[in-house]
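Order of the sequence lines fixes the chain letters, A, B, ..., with proteins taken first and strands second; residue numbering starts at 1 for each chain.
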Protein chains: 2
Amino acid sequence: MRVLDISEVVEQTGLRPSTLRYYEEIGLIKSIGRHGLRRQFAPQTLMQISLITLGKSAGFTLDEIAGMFGEDGQPDLPREDLQARADDLDKQIHDLTILSKALRHVANCSAPSHMECPKFQKLLRVVKRHKRG
Amino acid sequence: MRVLDISEVVEQTGLRPSTLRYYEEIGLIKSIGRHGLRRQFAPQTLMQISLITLGKSAGFTLDEIAGMFGEDGQPDLPREDLQARADDLDKQIHDLTILSKALRHVANCSAPSHMECPKFQKLLRVVKRHKRG
DNA sequence: ACTTGACCTCAAGTTAACTTGAATTTTTAT
DNA sequence: ATAAAAATTCAAGTTAACTTGAGGTCAAGT
């Protein structure tokens, strides 16, 4: 299994062929050659796509993600940038944790008005403070 | 401070006036009346906007978020839905944690090729397994 | 040789979430 | 009373990230 047809990449990643072509068009991934018309992908690409998908779910734009890979398709960023991005992520994780808690709270709290429930308000205040800091 | 001018909401939330009008247009928030032409917002709205912003950062669409509020602007969803959404969030948090770790790893690992670094690969595999399950 | 199915290109269309701009209306300050 | 500041509406424009569709190509099996 040295090279992959687009259909195999589709199968492994869950992305659609049009998406993969689009990603290639904007330079986010590369095909390694053609068999007739057909793009051939290196197995490496699968991992790269994992990273892309992961990055997307973290809220990065495709442009930002593209900026994280070097010419060779390997992650490539100055260390400080990576640290900074990781820090951002940790912030986001923190916020999401709060949201998750808030949701579970609302699911279980029998107060007539969540907006006026002290616990709920506290959760929201935490977020606000966080966003401003 | 019973009612808020749009400018006050802008100041408190960091959103732009056009965004607030847009949110009202699509029914995500409501103004409580007018002073002349000018919209007046209830202080409640600030908390609602906190939730909206939070929801957005969690990757929910405005439509989905709109579906989480009742007519009164209060969070309103069947308990199971809330639990399910919280579960989704926890999954996402899990993924983001991995991404954060991956970034920090890349920042510190001196291996020539991250894609081939065992630790890095392991991180990616975890994500994959997770997405499929 | 021929059909079939997987792939291709390229231009145009789509959706979400806003933003922009022009023309108008108040409200507030002097 | 008047000018400046702050809002308003409404239509149209923008950006990201794809998708769709029409029409064409290629390679593998019968």
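Look at CG on B:L20: it is 14 Å from C1' on C:dA17, rounded to the nearest Å. Spacing between atom CD1 of B:I26 and atom P of C:dT19 amounts to 12 Å, rounded to whole angstrom units. With rounding to whole Å, B:E24 atom CD is found 15 Å from D:dC10 atom C1'. The CD-C1' distance, from B:E25 to C:dA16, rounds to 13 Å in whole Å. Protein atom CG of B:L4 is 12 Å distant from nucleotide atom P of D:dA7, rounded to whole Å. Remark: C1' of C:dC18 and CD1 of B:I29 are 14 Å apart, rounded to the nearest angstrom. For the pair B:D5 CG and D:dA5 C1', the computed distance is 12 Å after rounding to whole Å. Atom-to-atom, CD of A:Q40 to P of C:dC7 comes out at 10 Å; the value is rounded to the nearest Å.
Electrostatic pairing of B:R104 and A:D90 counts as a salt bridge here, judged by a charged N lying under 4.0 Å from a carboxylate O. Salt bridge A:E24/A:K30: absent, no basic N to carboxylate O contact under 4.0 Å. Salt bridge A:E64/A:K56: absent, no basic N to carboxylate O contact under 4.0 Å.
Nearest nucleotide to the B:R21 side chain, out of C:dC8, D:dT20, D:dA7: D:dA7. Comparing D:dA27, C:dC8, C:dC18 against the side chain of B:Y23 picks out C:dC18 as the nearest. For A:L37, whose side chain is taken as the heavy atoms from C-beta onward, the closest listed nucleotide among C:dT25, D:dC18, D:dC26 is D:dC26. Side-chain atoms of B:R16 lie closest to C:dT20 of the nucleotides C:dT20, C:dA17, D:dT20. Considering only the side chain of A:R34, C:dT9 comes nearest among C:dT9, C:dT19, D:dT8. Here C:dC7 is the nucleotide among C:dT28, C:dC7, C:dC18 with the atom lying nearest to any side-chain atom of A:I6. Listed candidates were D:dT9, D:dT19, C:dC7. Nearest to the side chain of A:T19 is D:dT19. Here D:dC18 is the nucleotide among D:dC18, C:dT26, D:dA28 with the atom lying nearest to any side-chain atom of A:L62.
If you check every strand for non-hydrogen atoms under 4.0 Å, B:S18 touches a base.
Minimum heavy-atom separation, B:T97 to B:I93: OG1-O, 2.7 Å.
The base of D:dA6 sits with one of its N or O atoms less than 3.5 Å from a complementary donor or acceptor on the side chain of B:R38.
At the phosphate of D:dT8, OP1 or OP2 sits under 4.0 Å from a side-chain N or O atom of B:R39. The side chain of A:H35 contributes no N or O atom lying less than 4.0 Å from OP1 or OP2 of C:dC8. Of the side-chain N and O atoms in A:S7, one or more sit less than 4.0 angstrom from OP1 or OP2 of C:dC7.
Using a 4.5 Å heavy-atom threshold, the side chains of B:D95 and B:L99 count as separate. Counting heavy atoms from C-beta outward, A:C117 and A:H105 have side chains that approach closer than 4.5 Å.
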